[in-house]
Trainee: 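Have a look at this one before I ask anything.
None of the values given here were measured: they were computed from a predicted structure.
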Amino acid sequence: QVQLVESGGGLVQAGDSLRLSCAASTRTFSDYAMGWFRQAPGKEREFVASISRSGGSTYHADSVKGRFTIYRENVKNTVYLQMNSLKPEDTAVYYCAARNGGRYPVTASSYDYWGQGTQVTVSS
């Protein structure tokens, strides 16, 4: 069982930056591919970014490409989501997810463990 705890959300203005963190409670963090997803009110959960076990490969949704960056520090059991140039449409609850294996897919159902989420609100 892996527990994931997100932090770093908050209320910001359009154009601001935030960095989300997700700490994992496992001694084998490097065995897990990681992903970030988000869910806005009344909408389905959507993929934001994912990263391979080593951190050497990443994938970002088109809607955030060039503005958000996923990266990880395996020695700290933590994955991050650096969010720049935030827009009001980025407002959502952001979740991190872990998957035991080499693939780092975009589908939520492929992930085994989820955090409780952190709210990000971007005002215009």
Trainee: Begin with the C-alpha distance, continue with both residues' side-chain angles, and end with the deciding distance and a verdict on side chain to side chain contact (heavy atoms under 4.5 Å, CB included) for Val120 and Leu20.
Mentor: CA-CA 9 Å; Val120 172; Leu20 305 183; 4.0 Å; yes

Trainee: Side chains of Ser50 and Met34, heavy atoms from C-beta outward: is any pair under 4.5 Å?
Mentor: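 A side-chain contact is absent here, since even the closest heavy-atom pair is not under 4.5 Å.
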
Trainee: What pairs with Gln116 under side-chain contact (heavy atoms from CB on, under 4.5 Å), at least two apart in sequence or on another chain?
Mentor: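 Val5, Glu6.
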
Trainee: Apply side-chain contact (heavy atoms from CB on, under 4.5 Å) to Thr26 and list each qualifying residue two or more places apart in sequence or on a separate chain.
Mentor: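 Checked Thr26 against side-chain contact (heavy atoms from CB on, under 4.5 Å); matches are Val2, Ala24, Thr28, Phe29, Tyr32.
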
Trainee: With Ser109, which residues qualify under side-chain contact (heavy atoms from CB on, under 4.5 Å), at least two apart?
Mentor: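 Once residues adjacent in sequence are excluded, the partners of Ser109 under the side-chain contact (heavy atoms from CB on, under 4.5 Å) criterion are Thr107.
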
Trainee: For Ser30, what residues pass the side-chain hydrogen bond (donor to acceptor under 3.5 Å, both in side chains) criterion, not counting sequence neighbours?
Mentor: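 With neighbours one apart ignored, the set is empty.
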
Trainee: Can you confirm whether Tyr104 sits close enough to Arg53 that some side-chain heavy atom of one is under 4.5 Å from a side-chain heavy atom of the other?
Mentor: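 Answer no - side chains too far apart.
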
Trainee: Checking Lys87 now: which residues fulfil salt bridge (Lys or Arg N to Asp or Glu O under 4.0 Å) with it, not counting sequence neighbours?
Mentor: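 Salt bridge (Lys or Arg N to Asp or Glu O under 4.0 Å) list for Lys87, sorted by chain: empty.
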
Trainee: Drop me the distance from Lys65's NZ to Thr58's OG1, to the nearest 0.5 angstrom.
Mentor: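 So the NZ of Lys65 and the OG1 of Thr58 are separated by 9.5 Å.
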
Trainee: Disulfide (SG to SG under 2.5 Å): which pairs involve residues 16-124, sequence neighbours left out?
Mentor: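 For residues 16-124, and leaving out neighbouring residues, the disulfide (SG to SG under 2.5 Å) pairs sorted by first residue read Cys22-Cys96.
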
Trainee: For Tyr71, which residues count as a side-chain hydrogen bond (donor to acceptor under 3.5 Å, both in side chains) partner, sequence neighbours excluded?
Mentor: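 Here the qualifying residues are Arg19.
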
Trainee: Among residues at least two apart in sequence or on other chains, which ones pass side-chain contact (heavy atoms from CB on, under 4.5 Å) with Arg27?
Mentor: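 By the side-chain contact (heavy atoms from CB on, under 4.5 Å) rule, Arg27 matches no residue at all.
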
Trainee: Indicate the atoms forming the closest heavy-atom contact of Asp31 with Asn100, along with that distance.
Mentor: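 Looks like O-OD1, 3.6 Å.
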
Trainee: Is Leu18 linked to Tyr95 within one hydrophobic cluster, defined over Ile, Leu, Val, Met, Phe, Trp and Tyr using a side-chain heavy-atom separation of less than 4.5 Å?
Mentor: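 No, Leu18 and Tyr95 fall in different hydrophobic clusters.
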
Trainee: Testing the basics here: between Gly117 and Val93, what is the closest heavy-atom pair and its distance to 0.1 Å?
Mentor: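 Heavy atoms only, the tightest pair is CA-CG1, 3.8 Å.
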
Trainee: Does Leu4 reach the side chain of Tyr113, with side-chain heavy atoms less than 4.5 Å apart?
Mentor: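 Side chain of Leu4 against side chain of Tyr113, heavy atoms only: contact under 4.5 Å found.
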
Trainee: Give every donor-acceptor pair under 3.5 Å between a side-chain atom in residues 41-48 and any protein atom, sequence neighbours left out.
Mentor:
residue, atom, partner, partner atom, Å
Glu46, OE2, Arg38, NE, 2.5
Glu46, OE2, Arg38, NH2, 3.1

Trainee: If I take atom OG from residue Ser123 and atom CG from residue Leu11, how far apart are they, to the nearest 0.5 angstrom?
Mentor: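 Here the rounded value is 5.5 Å.
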
Trainee: Please name all residues satisfying side-chain hydrogen bond (donor to acceptor under 3.5 Å, both in side chains) with Asn84, sequence neighbours left out, ordered by chain then number.
Mentor: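 Per chain and number, Asn84 pairs via side-chain hydrogen bond (donor to acceptor under 3.5 Å, both in side chains) with Ser17, Gln82.
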
Trainee: Please check this pair: side chain of Arg67 against backbone of Ser85, looking for a donor-acceptor N/O pair closer than 3.5 Å.
Mentor: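 Yes, because the side chain of Arg67 sits within donor-acceptor range (under 3.5 Å) of the backbone of Ser85.
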
Trainee: Specify the closest pair of heavy atoms between Tyr111 and Ala33, including all atoms of both residues, with the distance to one decimal.
Mentor: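 Shortest heavy-atom separation between Tyr111 and Ala33 comes out as CE2-O, 4.2 Å.
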
Trainee: Can you measure from CG (Leu81) to OG (Ser21) and round to the nearest 0.5 angstrom?
Mentor: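 Answer for the CG-OG pair, Leu81 versus Ser21, is 9.5 Å.
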
Trainee: Does Phe68 have its ring centroid less than 6.0 Å away from the ring centroid of Trp36?
Mentor: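 No - the distance between ring centres of Phe68 and Trp36 does not fall below the 6.0 Å cut-off.
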
Trainee: Taking all heavy atoms of Ser124 and all of Ala14, pick out the closest pair and write down the distance.
Mentor: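 What the structure gives for the nearest pair is CA-CB, 4.4 Å.
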
Trainee: Please check this pair: side chain of Arg99 against backbone of Asp112, looking for a donor-acceptor N/O pair closer than 3.5 Å.
Mentor: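 No: the side chain of Arg99 does not pair with the backbone of Asp112.
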
Trainee: Determine, step by step, whether Asp16 and Val122 satisfy the side chain to side chain contact (heavy atoms under 4.5 Å, CB included) criterion, reporting the C-alpha distance in whole Å, the side-chain angles of both residues, the deciding distance to 0.1 Å, and the verdict.
Mentor: CA-CA 8 Å; Asp16 286 351; Val122 185; over 6 Å; no

Trainee: Between His60 and Gly66, is there a donor-acceptor pair closer than 3.5 Å when you use the side chain of the first and the backbone of the second?
Mentor: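 No; zero donor-acceptor contacts below 3.5 Å.
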
Trainee: Could you list the residues that satisfy salt bridge (Lys or Arg N to Asp or Glu O under 4.0 Å) with Glu73, not counting sequence neighbours?
Mentor: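 If we apply the salt bridge (Lys or Arg N to Asp or Glu O under 4.0 Å) test to Glu73, skipping adjacent residues, the hits are Lys76.
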
Trainee: Same cluster or not: Tyr59 versus Val64, using hydrophobic residues (I, L, V, M, F, W, Y) connected whenever any side-chain heavy atoms lie under 4.5 Å apart?
Mentor: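 No: no chain of side-chain contacts under 4.5 Å links Tyr59 to Val64.
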
Trainee: Suppose we screen for side-chain hydrogen bond (donor to acceptor under 3.5 Å, both in side chains). Which residues come up paired with Thr121, at least two apart in sequence or across chains?
Mentor: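 With sequence neighbours excluded, Thr121 shows a side-chain hydrogen bond (donor to acceptor under 3.5 Å, both in side chains) to Gln119, given in chain and number order.
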
Trainee: So do Tyr80 and Arg72 actually touch side chain to side chain, heavy atoms under 4.5 Å?
Mentor: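 When only atoms from C-beta onward are counted, Tyr80 and Arg72 do not touch, as no gap falls below 4.5 Å.
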
